[in-house]
> 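Okay, here's the structure, questions in a sec.
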Amino acid sequence: MKDLEPTDQQMSEVKKNTYWKSLNELAQNKEYQKFTEREFPENASELTDGVSRRGFLRVMGASIALAGLAACRRPVQKILPYSNQPEDVVAGNPLYYATSMPFQGNLIGLVAENHEGRPTKLEGNSLHPASHGSTNIYNQAATLELYDPDRSRSPLRNGKGVSVEDFAEFASSHFSNTNQRIAFISEANSSPTYNGLKNEVLNKFNNASWVTYEPFGEDNAIEGTQIAFGQRVRTLYNFDNADVVLSLNDDFMGSNHPNGITYARQIAAKRRMNNTGDSMSRIYAVEDSYSPTGSFADHRLKLKASEIESFTYALASALSGRINGLNAFSGINNQFTDHHWISVLADELISNSGRSAISAGAEHKAEVHAAVGAINLALGNVGNTVSYLEVPHFNEQNNRQAFADVVEQMKTGNIDTVVLVGTNPVFTAPDDLGFEEALSNVSIVVNLSHYVDETARKSTWHINRAHFLETWGDGFSFNGARSVIQPQIQPLYNGLSEIEFLSTILTGNLDKGYNLVQNTFSGYYSSGFDARWRTILHDGIDTQDNFSAASVSLASSFEVTSASETESSGGIEVVIRPDPTLYDGRYANLGWLQELPDPMTKITWDNVALMSPNTAAALDVDNEDVVEINVNGKSVKIAAWIQPGHVDNSITLYTGYGREGIGRVANRYIDYTAGGVNTYPLRSTSAILYSNAEISKTGDAYEIACVQDHHSLEGRDMYRQATIDNYKENPAFATFKSVHGYDVPGMREAHELEKEAPVSLFREQEYPDNISYPEHEPQWGMAIDLNSCFGCGVCVIACQSENNIPVVGKKEVKRGREMHWIRNDRYFVGDNVDEPQAVHQPVPCMHCELAPCEEVCPVAATTHSEDGMNQMTYNRCIGTRYCANNCPYKVRRFNFFNYPKEYLTTGDDPDIIQMAMNPEVTIRFRGVMEKCTYCVQRVNRAKIEAKIETGSPKPADGTVQTACQQACPTEAITFGDLTDEDSVVSQAKSNDRNYQMLEELNTRPRTSYLAKITNPNPALALDINQE
Amino acid sequence: MAQIFPKWTNQVPRKILIGIIVLLNVVVFGIWYFFSPEYTDVGYAPEQPVPYSHKLHVDQLGLDCQYCHTDVFESKQANIPATQTCMNCHNIIQTESENLALVRESWETGEAIEWIRVHNLPDYAYFNHSAHVNVGVGCESCHGRIDKMEVVYQEEPLSMGWCLDCHREPEKYVRPVEEVTTMGYQVENQLELGKELVDKNNIHAPTYCQGCHY
Amino acid sequence: MSTNNDHTDSLHGILAEFKNPKQLLDVASKMSKSGYHKFDTYSPFPIHGIDKAMNLKKSKLGWIVLICGLIGFTGAVAMMYYMLVIDYPMNIGGKPFFNAPAWVPVTFELTVLFSAFGAVIGMFVLNGLPKHHNPLFNITRFKKATDDGFFACIEAEDDMFDTDKVKKLFEDAGATHIEEVYE
Amino acid sequence: MSKYEYVPEPALVKGNHDFASLTRLVTDVNLRPTPKGWYLAMIGANSLLLVLLVAIGYLFWEGTGIWGLNNPVGWGWAIINFVWWVGIGHAGTLISAILFLFRQDWRTAINRFAEAMTIFAVMCALIFPGIHVGRIWVAYWMFPLPNQMDIWPNFNSPLLWDVFAVGTYFTVSFLFWYVGLVPDLATIRDRATDKFRKWTYGIFALGWTGSNRHWWNYEKSYMILAGLATPLVLSVHTIVSFDFAVSIIPGWHTTIFPPYFVAGAIFSGFAMVLTLMIVARKIYGMKDIMTDDHMEKMNIIILVTGSMVGFAYMMEFFIAWYSGVEYEKAIFLLRATGPYAWAYWTMMICNVVSPQFFWSKKLRRNVYFTFFISIVVNIGMWFERFVITVSSLATDYLPSSWDYYSPTIWDALTYIGTFGLFFTFFLLFLRFLPMVAVAEIKAVLPQADPHNYDDNDEYQAPEVEVPESQARFY
């Protein structure tokens, strides 16, 4: 990556230096007028291929009648070179800059790919400990958020558009009264600059109160450590050292966990099987709803969320007799005391003392976290698999309590001004607090947010927030690495970042975020700052001053306060969780995330009431039947969905849907009702995770767009797995012969003829020396390790971002026309209907050497390249769909409509979303087929670079990473040159577990799978058998 | 019974047949020629906002292509020079020229000069300059004798068939990498030399689709 | 356009109508046995056995069709070979460029297509059709030839043509009407 | 000739017709003023044609997405309709060519009619491959035309074979039809009284005189065309079946398809001819030519081909089981029991059960029952294509991609619209062209045979002695 040397000059001389650009700036110059004619604001750079590329196929279709005439003379195209060329920019070559994305207040290090000044793709920063080079779905979707045309575009005063200068003027007058009673309600933020400003604010305003409010977060975990250790610290796991992991309803690998990328990477690394000699960790999951972590576990126990607490105490109690430090739990007797799992887990944890880790779901009570902390401490895990970090920006008081107190103050009229920073409590606050009502008691409400959201509409002042890709910022990763946020583009709508916003409130001036951040960092270094700063910007991370580990001991006052016997009420309970693809709703307007299938249910565009088959039968409902869920007088109507593996008598609801008025995507897409139901009204302060509910069937039905209709493998062999013992006994368990007991047809004859591939009636193409492919080219191949995939779906989003895959909308998904080039199949397997195992299998194009799709194309639009890829030539395609029919893997996607047009043109707006498009990939027009290309644009770029540098078009191993591979947090996907025997992918393919899907068809896929290995505990396996 | 058709009508079918044959030939030839880039694109010479003369700068003043198109060996694009590049010299010479008014304006305001694109490939055809010039495809092979052009025009059809001519038989066209920017390069033993260069530079010009389309 | 029996026009031949297919068959046999060459018979449908009676030679159409069929066959193979092997060989599904089994259907179809063209066009060419103007159409009665009339005609160009002899021959054969046909 | 060896045919033309009366019977239809009923029918057909144009227009504007297609099911009604219409289009050429080669003189009553139906059915069929592609404006890339891209079609693709097969079939059928029409056009030319008809029919009659020298080449040509059309007609549905059989999809990938498709095509084609014939002969009073004997013979063919198709259905199951391929077994079980079982059983009842009624001679000769079954058979054959096309795609290898296909209103409108096209052309045919091959049917009258005249050149009707043992058949 290249480093960017930002100077004041670059920031201030926007006009001269066209590298940075904003729409408002454009509005004043004449390029802006052409903005709608051309599809990109390419004022800054030479018109690239990509710029006009995307328009072409569309124009071809729209003006077919004109084609004959227009062919005589082409339309005039203009090239706009730089006036003064920035030093780093080589027109046509992308630049890469480090930055970071704040997620739940913690930073994840990223590298942004920029084309002529517009970031188009985000990758993980391999130097950053929260990323290790990979990303989660929200990181990938951030580019779309940046170019979201529905983002708020200007400050609003009582709903009327004003300028940011007006706000500065207001701030300097209104906030000159330092004695007013101000409540600051902020999102979680780890930024040292921000927290510095927070302290300044609290110093300046005598009667100010500051609360941090997040609808989901680590509040309970922090309270738990307070109870257990008397310290408000962060729990950080190091699964690299954990041989046994117990998750108590904690989806720590999932996208919503603030440290999910790292945890997933660690867990997968601990379970990687390169040969039969390797060992792997064992994971136990106790959970109510099926989570990706649960699907990755070796053993999974279904418990209602309300039972987790009792289960935890029963476990602690069982351990208390055998190890020291858990005296507080001795004598607890509850319904789980005699549970088979308790004794098995106790044995397992004790025999792995110091090498085990127990985690609890973030929303569980503080007492549960306290108990888990005590157990981890007693087991000697602290320091090995668990550490506790002192986080400087944690507030002293309980955030949730503080928030409730502030709301109470607002209600009673004791607050004059409320400042809301990046948070949306009108939408997300627990219903019993009555936040909206409380807010109406406050005379001045100032809000900073990306969208004119529910809270912004109730505010006196709304300030449009700058996206993190537009602003300077800083912060810490979850594990405490200090990082910077480096802007990639000038704010498109002149928004303010949260530090600029606070600074304006403090000073009344519009300060530049760059100065604020640089000041913070220059404070850290008394000498040599400039060089240090350059390194920090280049690396995106400051290696110094990370969080320090707290030494913890059990608080002397620690005791189990809550009732030891928490008998569940027996009724149906409702559990409310953040959505696996939209989180708390802040990403609801991002089409990529709306259309990303839920990892476990494969539902897009909506939330549903997840329930077990038994519960559904008891309620007499089926998929898509609308049920009314009533909790303490509040009710929502939502479609039911049967989730195998869900605990009985429990319903899981996701938040984040049912948003109103924030954008076209979140509200409704095209002409079809989507966007789900707001479930926050069912949440209350006393029942933040679960509460008892009454369910009734309404008799209505609501269509749900689920991308997978069939969830059983039907006994087929697409997915292969074995226990580690079986693997060691029979390392070749995954081969076709092992699975079926006989060879692939034609293979026996092939052995006789000493050939490697099955013999068939058909001749194959041969190059000289009897090889199938020319030697002067690399031969690409991919291996997907099923032992690492837990179904998060980031590969899907990364591919969507890299390859300009359109969003098609709920209606089209419902019709079965989703466009994702890589999909993540999820099957439920196993003989036990109540305890199905969920498995994940990513399926991109297999790039078959003997591709069935190629033979049937009448116009040779899909053929084979010399580097062994199945090529799809869009501009030759006439759209017979025969190739898709004839693909046994069903990986081809057809543009039934002009999806890119609907997706890229957003009504009356300039087509700003097009700026998110990768200029190196053709936008596909209506009527053409498309599919995974192995990211051929990356491959070809690498080949050209290698050819120029070395004379050979074979790039060094690792030079080319496909988008899915690069994004994958568990490194499940490997890609590279098969002619290089030492390449990572060749190594992976030589693994015993390597198998080809549908090998008997003799399509010879270049993409193969490594079978999954599970590590069950014999004690529990027996248990299941006995049942 | 009266004759329905006069006697001369017996000649009509033959005439119609000949007519159809002639017409078909005309149509085929017409489409083949008039609908091809050879006819539609070659010779496109739009008037540029600044009357920049390649003939003057290249032929008479002897500037190398790379003086202005600096990125051609590094990037997929042979960049159109920034105004800055013009001003390197025109700060000093021809500072008052009317023809250069737009250049000076651009330099002062920072706004781009809107050049008209001459050589334009369809958006689905991915062409990389660096991949070509680094293995000895000369500028003039595609752009013609730029040094003789007062106004730049399109010399070659830039059609797929035309690209394939060279991709199939690169030895007919390649030259030593040092000679890439040479105008009017010609050797007698092109085929022999070309074959040597193809071997030396390990040229395997792709003729599969993904070489250019993705 | 000529009028009926316009004697200024040259004589085309003599046309006679007969009652039924049997008579026509008989007169056909008589005409050919008498040594006439330029004669013809006309009927609304082909009459079984009249080819022998008229001493017609085997039709050359079969040869024309064979040649056309061969053109279709070789043309198809040559076209595909040029396109997929010589001009732009592409790796399609890992199959060899010269993928003979896959070419059978198109080769067959083009062979049939060209043969059919040969059969139809050849037939019309052999019959000298289209010929919209025909001296026989001057005879009103000749309309019946496509309905229920059976006619025989000896053309004036025949070496042995003699109006009286011809008329006599037709009369003997039982012709119901005899007319002179003028150009 | 011994009377016991000769199994005589019932008279092909009923009633006391001679050459002239047959000419009048057939060609008067074209020469009479247009009946009002024809206009009414034409309005109906044109309305449907308009529906087709609207449906296609909207398709051009919006894209193939207006149909119910989805990801696993890339081919839906368009391909079903294509195969169905092509199948129907097999009857004409079969009757003209194969029955001609087998010297089945009864074909003369219906061959013109069936050939016309063939041509119009193939036209309806040809619409679909043209419009079902995503980018209709570049569909011409399927033809091997020289171009500046220097790229050619892929002759390995069954779809391209289809282009050549159906294109050839249409061309040859049309030529065959036209060659047969020429003498009859001459008949109308000679009977026409107004100048317009004389001119138009005259131009297309090409100056036909009925010369026996011409007839000689003509018959040769006709026989060669029949000889060419016979393998052609078998090849066309064979190649259409290759669209499926050459693929890799379970339920498609099977060698039984060519014979089974051809049998099905004949089956549906004869049914369609019957449907049309029963109505037309009533309206136009052609019962003397298109007799109940014809209907019965065709019903026997329907019975035979229907049973062949039924045999094929069962053989598919047997082979699926016998092959031991799990995907193959699964797809056939799913057809009979899965989400498309309703379509499968509709097909079975219509195609396999309904023709079995024709074992009864009484039902074979019952006009109303035949009409009913002929329609049922075509419904069944449509469902056969539906079952093959959709069910295989909907549930193929990977259970994850299984999806249900349901059509939209535009699928239905396009299909209905093709009937508009079909009937528009058919009505024009009935009105303006002789619906029976007059010259050919005259040739099979006993009067046409010179042997049936005595020494005084007087017609003697041949005596037919029907042996006792055979008599019950007639």
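Note that the structure is a prediction, hence the values are computed from the model and not measured.
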> Output yes when a side-chain donor or acceptor of D:Trp152 lies under 3.5 Å from a complementary backbone atom of A:Ala860, and no otherwise.
no

> Side chain of D:Asn71, backbone of A:Arg893: donor and acceptor closer than 3.5 Å?
no

> For D:Trp402 and A:Lys890: C-alpha separation, side-chain torsions, deciding distance, then whether side-chain contact (heavy atoms from CB on, under 4.5 Å) applies.
CA-CA 9 Å; D:Trp402 292 4; A:Lys890 288 288 171 282; over 6 Å; no

> Need one label for D:Ile131: side chain, backbone, both or neither, based on atoms under 4.5 Å from any heavy atom in chain A.
neither

> Using heavy-atom distances under 4.5 Å, tell me whether A:Met997 contacts chain D through its side chain, its backbone, both, or neither.
side chain

> Where on A:Pro888 is there a heavy atom nearer than 4.5 Å to chain D: the side chain, the backbone, both, or neither?
both

> Would you give the length of the straight line joining atom CG of A:Leu1001 to atom CD1 of D:Ile249, rounded to the nearest 0.5 angstrom?
9.0 Å

> Say whether, by atom type as modelled, one donor and one acceptor occur between the side chain of A:Asn886 and the main chain of D:Ser247 under 3.5 angstrom.
no

> Examine whether an atom of D:Phe242 lies under 4.5 Å from a heavy atom of chain A, and if so say whether it belongs to the side chain, the backbone or both; otherwise answer neither.
backbone

> Between A:Asn885 and D:Gly74, is there a donor-acceptor pair closer than 3.5 Å when you use the side chain of the first and the backbone of the second?
yes

> Working to the nearest 0.5 angstrom, can you tell me the gap between D:Glu326 CD and A:Glu714 CD?
10.0 Å

> Need one label for A:Cys883: side chain, backbone, both or neither, based on atoms under 4.5 Å from any heavy atom in chain D.
neither

> So which atom in D:Pro399 and which in A:Tyr827 form the shortest heavy-atom distance, rounded to 0.1 Å?
CD-OH, 4.0 Å

> Please tell me whether D:Ser157 and A:Tyr882 have a donor and an acceptor in their side chains that are separated by less than 3.5 angstrom.
no

> Does A:Arg881 use its side chain to pair, donor to acceptor, with the backbone of D:Val73 at less than 3.5 Å?
no

> Compute the ring centroids of D:Trp67 and A:Phe896, then answer whether they are less than 6.0 Å apart.
no

> How far apart are the closest heavy atoms of A:Pro852 and D:Ile248, and which atoms are they?
CG-CD1, 3.9 Å

> Heavy atoms, side chains only, cut-off 4.5 Å: are A:Glu1000 and D:Tyr327 in contact?
yes

> Looking at D:Arg135 and A:Arg926, what are the two nearest heavy atoms and their distance?
CG-O, 3.5 Å

> Chain A heavy atoms under 4.5 Å from D:Ile79: which part of the residue, side chain, backbone, both or neither?
neither

> For D:Asp243, is it the side chain, the backbone, both, or neither that has a heavy atom closer than 4.5 Å to a heavy atom of chain A?
both

> Let me know if A:Thr1003 has heavy atoms under 4.5 Å from chain D in its side chain, its backbone, both or neither.
side chain

> Could you check whether any side-chain heavy atom of A:Lys814 comes within less than 4.5 Å of a side-chain heavy atom of D:Asn70, counting everything from C-beta outward?
no

> Please flag which part of A:Arg823 lies under 4.5 Å from any non-hydrogen atom of chain D: side chain, backbone, both or neither.
side chain

> Does D:Leu398 reach the side chain of A:Leu998, with side-chain heavy atoms less than 4.5 Å apart?
yes

